[in-house]
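Here's the structure we're looking at; comments come further down.
Both counts, for ligands and for their atoms, begin at 1 and track the order of listing. Every heavy atom of this structure was used, including side-chain atoms; hydrogens, water molecules and symmetry mates were not.
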Amino acid sequence: MSNYQNNLDATDPNVVKGNLAVNERIKGESKHLRGTISEDLNDEITGGFTSDNFQLIRFHGMYQQDDRDFRGERTKQKLEPLHNVMLRARMPGGVITPSQWLAIDKFADEHTSYGSIRLTTRQTFQFHGVLKPNIKLMHQTLNSIGIDSIATAGDVNRNVLCTSNPVESVLHQQAYEWATKISEHLLPKTRAYAEVWLDGEKVEETAGQEVEPILGSNYLPRKFKTTVVIPPDNDIDVHANDLNFVAISDGENLIGFNVLVGGGLAMTFGDDSTYPRRADDFGFIELKDTLAFAAAVVTTQRDWGNRVNRKNAKTKYTLDRVGIETFKTEVENRTGIKFADSRPYEFTNRGDKIGWVEGIDGKHHLTLFIENGRLKDNADAALKSGVKAIAEIHQGDFRMTANQNLIVASVAAEQKAVIEKIAIEHGLIDASQSQQRQNSMACVAFPTCPLAMAEAERFLPEYVTQIEGLLAKHNISDEHIIFRVTGCPNGCGRAMLAEVGLVGRGPDKYNMYLGGNIAGTRVPKLYQDNISSAQVLTHMDELIGLWVAHRNDNECFGDFVIRHGIVAEVKVSSRDFHG
Ligand code: SRM
Ligand code: SF4
């Protein structure tokens, strides 16, 4: 394998020339992600992190935030925003043990201002509202139970996803092991995390003792996302990710992967050079070559990704700029191995199988639907206490899903009844929940997300009730439409792979996109621009009526709106999404 470093080679025609984005300076001067974070941590004058450190803490899995509901009031009182951090843990495949769960539950109660645990669309959990004096304690608590938050944000490879349903446990176990190996292989090698948060021994950085053989000294041009997926379940939504390993088995064991590159969902309103994009299939690789290919895709993106304009920096834009074949050939050159023809596979669904399933090992797995992934106790239900009560007696593990749900995995037959009883008592199992609710999802948005333009998580539960009303009106209460809302066009709730996706534009204003499919293999298209949530419902009423009247047998809503000519199909994003 060639020894490619983070070169920005001026003679390479595939490197974008121009003034580098400011983040490049920040990363380059950060002494391998240390910056002056430790000094900031001891600065009691402000609750926040200053200048470059504001960006650098992201590489350690944290974002600086404040509660937007109270921002105006504090400004009036001439107070700085009440700065705190959100932490996102690194949990490849979303696996967490009951004892780890009990520790994070306790930390959320004692040291977060929202008292909640938030399951994310990338199979992990977030704490919201941790004040500066508790940040070190947080990392040390996590470290004591074998959890870290390295590289869950920033311009690096993020938490590696893995199909979470453990029904097919042999294959799942193998896929999960690869997700863990890939995560470790692509992690930053800097000791900065241990030094800053765990009081680890200081490495004399200037002595050049540290190198980042894969990520390079300036790390990646932009965030990078990887999955391992087991067809026919596309529960981790491959097309939202830069790099996907699609598991190919001989019927029993994993034998290799088809490699899909270049997915991603974010866009910027008014900038047609940005768009959500499906990943392209590069071909089949053998299992033994997995890490080499992972590194080759990452280093190609590292060297060719746009470091001038961050809006066009992700792998999806690199592919469209240099050409899919050029990128693929470069990956082959870097590994010294050619892709074989892709092996056949099919995705048929994305949703989690809510309820009990029996695995092939005779163990039982209970998938709990957690609306918007928010675990918190409130007047209606004590969801967080319920999971804690299960963790106190559970002998298997938990798996967080990429649909913001939680699987109580590997339950012995004799424990089923008691776990189910706890889940029912705490509202974690609710037989009245519709398919529609279970197939609806929103990103966090207000009050913690600084980028939110419209409500998402807080607005969804009541809104789904209204959509349920429309399905009932048209006599199809048992059916569902994959419905997702994101508070801005960054797409964290993956609305850009939904049958109906709402994307926030401003207070109670959304763009309405139609035409994703059940398998998650199609990007939807703009149907209505900048309309209110009430107007969305009027359109939904009409569209559901048309669907019921004119659909073919078993035709899903997303397929129908395209066949019926309501929106055009997005085949190639760079051409069709805005066109
Ligand atoms: Fe995201 C930024 C929340 C999955 C695309 N995302 C953010 C931030 C950190 C806002 C910020 O930059 O300050 C949000 C914090 C909100 C909060 O208060 O918690 C945020 N993203 C989330 C989560 C928690 C949404 C959720 O409801 O679960 C998800 C955490 C995932 C994780 O555990 O790592 C989350 N974000 C996604 C996804 C979906 C996915 O990966 O499957 C996407 C779209 C896929 C993609 O990357 O194309 C996504 N988030 C973004 C972007 C746009 C990136 C881009 O390509 O331009 C941003 C903004 C940015 O990076 O500049 C962003
Ligand atoms: Fe925030 Fe936008 Fe992501 Fe929602 S989609 S969490 S509003 S960045």
Heteroatom distance test ([X], ligand 1): nitrogen or oxygen, under 3.5 angstrom:
X    : result
Y63  : no
K316 : no
T124 : no
N490 : no
R494 : yes

Taking the six-membered ring of F49, is NZ or CZ of K132 closer than 6.0 Å to its centre and within 45° of its axis? yes
Against the six-membered ring of F125, is R118 placed for a cation-pi contact (under 6.0 Å from the centre, within 45° of the normal)?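 The answer is no; the distance or angle limit is not met.
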I need the atoms of ligand 1 closer than 4.0 Å to a non-hydrogen atom of [X], numbered in the order shown.
X    : value
M86  : 15 (C), 19 (O)
G264 : 48 (O)
A266 : 48 (O), 53 (C), 54 (C), 55 (C), 56 (O), 57 (O)
Q404 : 26 (C), 27 (O), 28 (O)

The one among [options] that brings a heavy atom closest to [atom]:
atom                    : options                : result
atom 57 (O) of ligand 1 : Q123, R222, K314, R277 : R222
atom 49 (C) of ligand 1 : H239, R374, K225, M267 : K225
atom 14 (C) of ligand 1 : A456, A495, C449       : C449
atom 26 (C) of ligand 1 : R118, R310, R68        : R118

Within the side chain of [X], is there an N or O that forms a donor-acceptor pair under 3.5 Å with the backbone of [Y]?
X    : Y    : value
E462 : F459 : no
N14  : W304 : no
N439 : Q435 : yes
T448 : V444 : no

Carboxylate-amine/guanidinium contact [X] [Y], below 4.0 Å:
X    : Y    : answer
E29  : R25  : yes
D155 : R310 : yes
E24  : K27  : yes
K328 : D280 : no

Exactly one of L406, V408, L383 should register a side chain to side chain contact (heavy atoms under 4.5 Å, CB included) with L428. Which one does? L383
For F577, which of T274, V523, V572 qualifies under side chain to side chain contact (heavy atoms under 4.5 Å, CB included)?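 With F577 as partner, T274, V523, V572 yield a single side chain to side chain contact (heavy atoms under 4.5 Å, CB included), made by V523.
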For ligand 2, which atoms sit closer than 4.0 Å to a heavy atom of T486? 5 (S)
Is [X] touching ligand 1 with its side chain, its backbone, both, or neither, if touching means heavy atoms under 4.0 Å apart?
X    : result
C492 : both
A153 : neither
E457 : neither
R88  : side chain

Residue-ligand contact A445/ligand 2, heavy atom below 4.0 Å: yes
Is there a heavy atom of [X] sitting under 4.0 angstrom from any atom of ligand 1?
X    : answer
H128 : yes
L451 : yes
R158 : no
P450 : yes
G491 : yes
A442 : yes

Any donor-acceptor pair under 3.5 Å linking the side-chain atoms of Y63 with those of N84?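 Y63 and N84 do not have a side-chain donor-acceptor pair below 3.5 Å.
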Assess C492: does it contribute an N, O or S atom lying under 2.8 Å from atom 3 (Fe) of ligand 2? yes
Is atom 4 (Fe) of ligand 2 less than 2.8 Å from at least one N/O/S atom of C449?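 Of the N, O and S atoms in C449, none lies under 2.8 Å from atom 4 (Fe) of ligand 2, which means no.
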When rounded to the nearest 0.5 angstrom, what is the spacing between CD in Q126 and OG1 in T120?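 Here the interatomic distance stands at 6.0 Å.
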Take the angle between the ring planes of H128 and Y114 and call it parallel below 30°, perpendicular above 60°, tilted in between. perpendicular
